[in-house]
Amino acid sequence: MTHMTEQTLVKEAPVKPHLPDAQTVTEVKHYTDRLFSFRCTRPETMRFRSGEFVMIGLMGDPDEKTGKVKPLLRAYSIASPSWDEELEFYSIKVQDGPLTSKLQHIQPGDEIIMRPKPVGTLVHDALIPGKRLWFFATGTGFAPFASLLREPQTYEDYDEVIITHTCREVGELTYGRDLIESLKTDELLNDVIGEGFWKKIKYYPTTTREESPKMGRITDLMRSGEAFTDLGVPQINPETDRAMVCGNLAFNLEIKEMLEGYGLEEGANSKPAQYVVEKAFLD
Ligand SMILES: Cc1cc2nc3c(=O)[nH]c(=O)nc-3n(C[C@H](O)[C@H](O)[C@H](O)COP(=O)(O)OP(=O)(O)OC[C@H]3O[C@@H](n4cnc5c(N)ncnc54)[C@H](O)[C@@H]3O)c2cc1C
Ligand SMILES: NC(=O)c1ccc[n+]([C@@H]2O[C@H](COP(=O)([O-])OP(=O)(O)OC[C@H]3O[C@@H](n4cnc5c(N)ncnc54)[C@H](OP(=O)(O)O)[C@@H]3O)[C@@H](O)[C@H]2O)c1
């Protein structure tokens, strides 16, 4: 019988397959049984504009016939700002979701796949200048705004930034609430953008299915005028107001119609205008 040397031990240790376009997870935080955020390394050459999304994922299960494994990728908004040396994502956990049933179990040190080709319409370049910027989010639609709220240009371009976040339950607001609170003590941002830059932010969280200080869908609260009264601002108008929208399809369509009703026109990268929209998830 041969003795196990240190060398054979190293050789026989299970080797993790190296993923294509792999990035290493550095931090994971769970908020509810349906929501978590994580941070990972950023490729040195990767550039993006705050508010854009990328394709991320894991290797799928082996094909039953061929045994081959393919990457399982989904669109994800980058929640960190363009200047951050790491990347942050804010994710749903769909219990039978092909990707998130697995992704929810990642730990620091694990690898994820990230295709470094960011795209998207929720970018400053797609809006023409204005005074007040509205971010309208439901659920994980907060993610691109987590990036834009930490982007210096947001405060250079606007006098006021209003972020509305509508969720079913109170716990689903935690990620956004903590992030906005953290801006007050963020030394780097207060240095770079200007001390007290965060005073430009008006945060308007609402819930629809659990008791909280402000209940109701943001759409209904705007229609009744309650949201404008609460925020102490006039109704949205095309001279001063610009908007970015990220939520489920029905929400996006409803807000779009309302913004058009206030006289705002939809913009795009190729044709900047007064508001832009992106889906927080398909269907
Ligand atoms: C442009 C774009 C950006 C996106 N950014 C994010 C992001 O930043 N964070 C994120 O968690 N997801 C985001 N998504 C959704 C994401 O691509 C996946 O759908 C999600 O990760 C679930 O993947 P899955 O394979 O587990 O389930 P899927 O098969 O993709 O989805 C299963 C079902 O779960 C529901 N669902 C999917 N995503 C969500 C969600 N985010 N919130 C609530 N219900 C959902 C839908 O009903 C969907 O039919 C984005 C989608 C698009 C199109
Ligand atoms: N959140 C949960 O606790 C939960 C639990 C299990 C499964 N799910 C499933 O997961 C999926 C996504 O759920 P989700 O809660 O993340 O996202 P969601 O259904 O998009 O709801 C997020 C928030 O947006 C509001 N909203 C929906 N449509 C709107 C519209 N047209 N105008 C204005 N506001 C609107 C919702 O209010 P309303 O409440 O009034 O719709 C809710 O407060 C759903 O298919 C759901 O069945 C959710």
Side-chain angles (χ1 to χ4, degrees), residues 27-39 74-77 79 88-97 99-106 122 133-150 161-185 198 201-233 235-236 243-259 277-283:
E27 192 183 313
V28 183
K29 280 188 195 164
H30 291 268
Y31 296 92
T32 70
D33 58 352
R34 296 184 67 249
L35 292 168
F36 72 113
S37 70
F38 62 93
R39 291 176 70 84
R74 293 283 186 268
Y76 267 80
S77 294
E88 183 175 311
F89 297 97
Y90 178 49
S91 180
I92 193 78
K93 306 175 199 175
V94 183
Q95 290 319 326
D96 57 356
L99 178 64
T100 56
S101 57
K102 295 181 179 183
L103 192 69
Q104 63 181 284
H105 301 296
I106 53 167
L122 302 180
L133 179 60
W134 293 79
F135 292 144
F136 293 107
T138 62
T140 57
F142 189 89
F145 305 134
S147 172
L148 285 155
L149 282 165
R150 292 181 274 186
V161 179
I162 300 178
I163 164 91
T164 82
H165 193 195
T166 300
C167 293
R168 295 180 179 205
E169 294 167 11
V170 176
E172 296 170 334
L173 295 168
T174 307
Y175 172 77
R177 186 185 296 280
D178 287 359
L179 188 138
I180 291 166
E181 197 56 34
S182 75
L183 298 178
K184 297 179 184 171
T185 52
W198 48 270
I201 302 173
K202 285 188 168 162
Y203 172 48
Y204 197 66
T206 79
T207 58
T208 50
R209 305 201 189 187
E210 190 185 359
E211 198 74 37
S212 76
K214 184 52 68 177
M215 303 242 353
R217 290 178 164 196
I218 185 63
T219 40
D220 295 336
L221 292 162
M222 281 163 64
R223 242 179 244 116
S224 70
E226 196 176 327
F228 301 114
T229 309
D230 289 343
L231 288 161
V233 296
Q235 186 178 281
I236 291 175
M244 295 193 185
V245 180
C246 192
N248 69 61
L249 182 60
F251 170 75
N252 285 3
L253 291 175
E254 215 173 309
I255 282 270
K256 215 169 126 81
E257 202 181 311
M258 291 180 73
L259 293 174
V277 181
E278 199 139 79
K279 279 183 214 142
F281 56 93
L282 296 175
D283 73 26

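Note that these values count all heavy atoms, side chains included, but never hydrogens, waters or copies made by symmetry.
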*What residues, two or more places apart in sequence or in another chain, satisfy side chain to side chain donor-acceptor pair (under 3.5 Å) together with K29?*
none

*Atom of A79, atom of R150 and distance for their closest heavy-atom approach*: O-NH2, 2.8 Å

*With sequence neighbours left out, what residues match F251 under ring-ring contact (aromatic ring centres under 6.0 Å, His included)?*
none

*State the SG-NE2 distance between C167 and H165, to the nearest 0.5 angstrom.*
3.5 Å

_Going by the rule side chain to side chain donor-acceptor pair (under 3.5 Å), which residues pair with E169 if we only count those two or more places apart in sequence or in a different chain?_
none

*Show your reasoning for whether side-chain contact (heavy atoms from CB on, under 4.5 Å) applies to F136 and M258.*
CA-CA 12 Å; F136 293 107; M258 291 180 73; over 6 Å; no

*Who passes side chain to side chain contact (heavy atoms under 4.5 Å, CB included) against S182, sequence neighbours left out?*
none

_If the condition is ring-ring contact (aromatic ring centres under 6.0 Å, His included), which residues does F228 pass it with, not counting sequence neighbours?_
W134

*Residue list, ring-ring contact (aromatic ring centres under 6.0 Å, His included) with Y31, at least two apart or on another chain*: Y175

*For H105, which residues count as a ring-ring contact (aromatic ring centres under 6.0 Å, His included) partner, sequence neighbours excluded?*
none

_Tell me the closest heavy-atom pair linking Y76 and S91, and the distance in Å._
OH-OG, 2.7 Å

*Kindly compute the distance separating NE2 (H30) from CD (Q104), expressed to the nearest 0.5 Å.*
7.5 Å

*Search all heavy atoms of L173 against all heavy atoms of T206 and return the closest pair with its distance.*
CD2-O, 4.2 Å

_Show the nearest heavy-atom pair for residues F142 and I180, with the distance to one decimal._
CZ-CD1, 4.1 Å

_Run the side chain to side chain contact (heavy atoms under 4.5 Å, CB included) test against L249 and tell me which residues pass, sequence neighbours left out._
L253, K279

_Any residue meeting side chain to side chain donor-acceptor pair (under 3.5 Å) with R34, in chain and number order, not counting sequence neighbours_ = E172

*Roughly how far apart are I236 CD1 and I162 CD1, rounded to 0.5 Å?*
7.5 Å

*Applying side chain to side chain contact (heavy atoms under 4.5 Å, CB included), name anything that partners D230, two or more places apart in sequence or on another chain.*
Y204, K214, E226

_Over all atoms of both residues, closest heavy-atom pair of V94 and T100_ = N-OG1, 2.9 Å

*asked:* Show the nearest heavy-atom pair for residues G216 and T208, with the distance to one decimal.
replied: C-CG2, 3.8 Å

*Set of side chain to side chain donor-acceptor pair (under 3.5 Å) partners for T140, sequence neighbours left out*: none

_Pairs satisfying salt bridge (charged side-chain N to carboxylate O under 4.0 Å, His left out), at least one member in residues 245-259, at least two apart_ = R223-E254, K256-E266

*Geometric class of the F145/F135 ring pair [parallel <30°, tilted 30-60°, perpendicular >60°]*: parallel

